[in-house]
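Below: one structure, written as structure tokens.
Below, each value reflects all heavy atoms present in this structure, side chains not excepted, and no hydrogens, waters or symmetry copies. Since this is a predicted model, take the numbers as computed values, not measurements.
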Amino acid sequence: MKYIDYLFWSYYCFFNRHSKVYFGDNRWQAICTICATVVVPLGVFYALLDIFVINLPALPKDRYLSLLIIGLLSLPLLLFLNHRYYHNKTIIRGNFRLFKDRWGEDPRTNKKGRMAVIIYTICTLILPWFGPVILHFICK
């Protein structure tokens with residue numbers, strides 16, 4: 001949980017700094033970013049298993065139904081993170097005082113941690129899209 005908390009704190013501080021660009025609740029944006037960094041690689045892993053290992057059941061052809069199924073499958077993680085960062089009194093006490101004491105007001109001061117978060121985000125959100133594209137052209 002320490003790593004997820006660090007990711008949350010990094011994303012939360014990022015959205016706080018850039019509040020003019022992003023809108024809404026910064027906690028919710030950080031939670032959605034964490035969910036995206038978990039769900040996208042799982043989807044790519046599912047696709048790679050389907051292509052190379054075993055034929056798995058395909059998602060329905062209807063786009064909205066497929067998005068609904070993906071949303072329902074990611075709902076437990078979303079609800080867990082929502083409960084943790086909105087309702088857990090030990091974490092939200094003092095406007096995330098626990099995280100401020102552990103990692104500081106701004107995680108940008110820790111260069112290794114910041115680089116790890118940037119690399120993690122890029123590797124989980126952007127790079128998985130290149131694998132299926134390359135495989136599409138190779139298998140053609």
Side-chain angles (χ1 to χ4, degrees):
M1 284 312 299
K2 184 170 82 171
Y3 300 115
I4 292 176
D5 288 341
Y6 185 75
L7 280 175
F8 171 80
W9 183 243
S10 297
Y11 293 141
Y12 179 77
C13 289
F14 175 79
F15 290 127
N16 273 339
R17 272 193 316 274
H18 302 291
S19 60
K20 293 180 182 172
V21 176
Y22 303 100
F23 54 91
D25 187 12
N26 295 329
R27 282 188 276 183
W28 183 248
Q29 292 178 129
I31 289 170
C32 289
T33 306
I34 291 172
C35 285
T37 60
V38 171
V39 170
V40 169
L42 286 177
V44 171
F45 181 70
Y46 182 87
L48 291 175
L49 273 177
D50 185 43
I51 293 170
F52 291 114
V53 179
I54 188 170
N55 288 334
L56 297 171
L59 290 173
K61 297 292 183 197
D62 184 21
R63 177 179 174 199
Y64 297 109
L65 185 59
S66 298
L67 289 176
L68 178 68
I69 291 172
I70 292 168
L72 289 175
L73 290 175
S74 63
L75 189 63
L77 176 66
L78 190 66
L79 290 176
F80 170 73
L81 293 175
N82 184 28
H83 173 72
R84 183 167 177 83
Y85 299 120
Y86 274 102
H87 304 291
N88 192 340
K89 299 294 184 199
T90 59
I91 290 178
I92 63 173
R93 183 181 321 129
N95 196 16
F96 299 107
R97 174 61 49 200
L98 176 70
F99 296 156
K100 290 176 187 174
D101 292 341
R102 190 178 294 168
W103 295 301
E105 291 284 334
D106 191 1
R108 289 184 299 172
T109 58
N110 182 357
K111 293 192 185 282
K112 284 185 181 179
R114 180 180 60 184
M115 287 305 294
V117 169
I118 291 170
I119 290 170
Y120 171 77
T121 305
I122 289 172
C123 288
T124 57
L125 291 180
I126 297 171
L127 290 181
W129 296 104
F130 290 118
V133 170
I134 292 170
L135 288 174
H136 173 73
F137 289 115
I138 288 174
C139 294
K140 238 181 169 183

On a heavy-atom basis, the closest approach of Arg27 and Tyr85 is NH1-O, 3.2 Å

Rounded to the nearest 0.5 Å, the CZ atom of Arg102 sits from the OH atom of Tyr6 at a distance of 12.0 Å

| message | Using ring-ring contact (aromatic ring centres under 6.0 Å, His included), reason through Trp9 and Tyr12 one step at a time and then give a plain yes or no. | response | CA-CA 5 Å; Trp9 183 243; Tyr12 179 77; 5.8 Å; yes

Trp28 side chain near Leu78 side chain, heavy-atom distance below 4.5 Å | yes

message: Do Tyr86 and Ile31 have side chains that approach each other closer than 4.5 Å (heavy atoms only, starting at C-beta)?
response: yes

Exercise. Would you call the rings of Tyr11 and Phe15 parallel, tilted or perpendicular, where under 30° means parallel and over 60° means perpendicular?
Worked result: tilted

Hphob cluster co-occupancy, Met1 + Tyr120, side-chain heavy atoms under 4.5 angstrom: yes

Taking every heavy atom of Ile4 against every heavy atom of Ile34, the minimum-distance pair comes out as O-CD1, 3.9 Å

Sequence neighbours excluded, the answer for side-chain hydrogen bond (donor to acceptor under 3.5 Å, both in side chains) partners of Arg84 is Asp5

